[in-house]
Amino acid sequence: MTEELPKFLSTGQVMNLTGLSRYDIDCLVKSGRLRCIVPAKMNRKFYSDEVQSLVKQIEEGRNAT
């Protein structure tokens with residue numbers, strides 16, 4: 001993944017980049033392995049650098065969930 005990503009990503013963008021389901025992402029957030037923020041009355045956003053790290057782990061065959 002060499003393209004430049006915005007600083008924050010939506011849940012849908014994370015799902016598209018990682019191939020994970022919404023449930024898998026929720027589990028990662030609850031376990032503390034993936035941080036997110038919730039801007040005032042908006043949907044949660046994920047830090048792109050953490051998502052890129054997660055994608056690398058998935059590509060290397062590590063267990064992501």
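In this chain, numbering begins with 1 at the start of the sequence shown.
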* **S48 (side chain) donor-acceptor with P6 (main chain) under 3.5 angstrom** => yes
* To do: Give the C-alpha distance, both sets of side-chain angles, the deciding distance and a yes or no for side-chain contact (heavy atoms from CB on, under 4.5 Å) between L20 and I58.
  => CA-CA 10 Å; L20 297 174; I58 291 171; 4.2 Å; yes
* Asked: OG1 of T18 to CD of Q52: how many Å apart, nearest 0.5 Å?
  -> 12.5 Å
* **Cluster companions of Y47 among Ile, Leu, Val, Met, Phe, Trp, Tyr (side-chain spacing under 4.5 Å)** => F8, I37
* Excluding sequence neighbours, so at least two apart, what forms side-chain contact (heavy atoms from CB on, under 4.5 Å) with N16? -> none
* To do: Any pair with a residue in residues 9-35 that passes ring-ring contact (aromatic ring centres under 6.0 Å, His included), sequence neighbours left out, goes on the list, sorted by first then second residue, please.
  => none
* **Set of residues satisfying side-chain contact (heavy atoms from CB on, under 4.5 Å) with respect to T11, sequence neighbours excluded** => M15, R22, I25, R44, F46
* Structure fact -> For residues 46-56, the salt bridge (Lys or Arg N to Asp or Glu O under 4.0 Å) pairs (sequence neighbours left out) are R35-E50
* Heavy atoms only: give me the nearest M42-V38 pair and the separation to one decimal. => O-CG1, 3.3 Å
* Can you measure from NZ (K45) to SG (C36) and round to the nearest 0.5 angstrom? => 11.0 Å
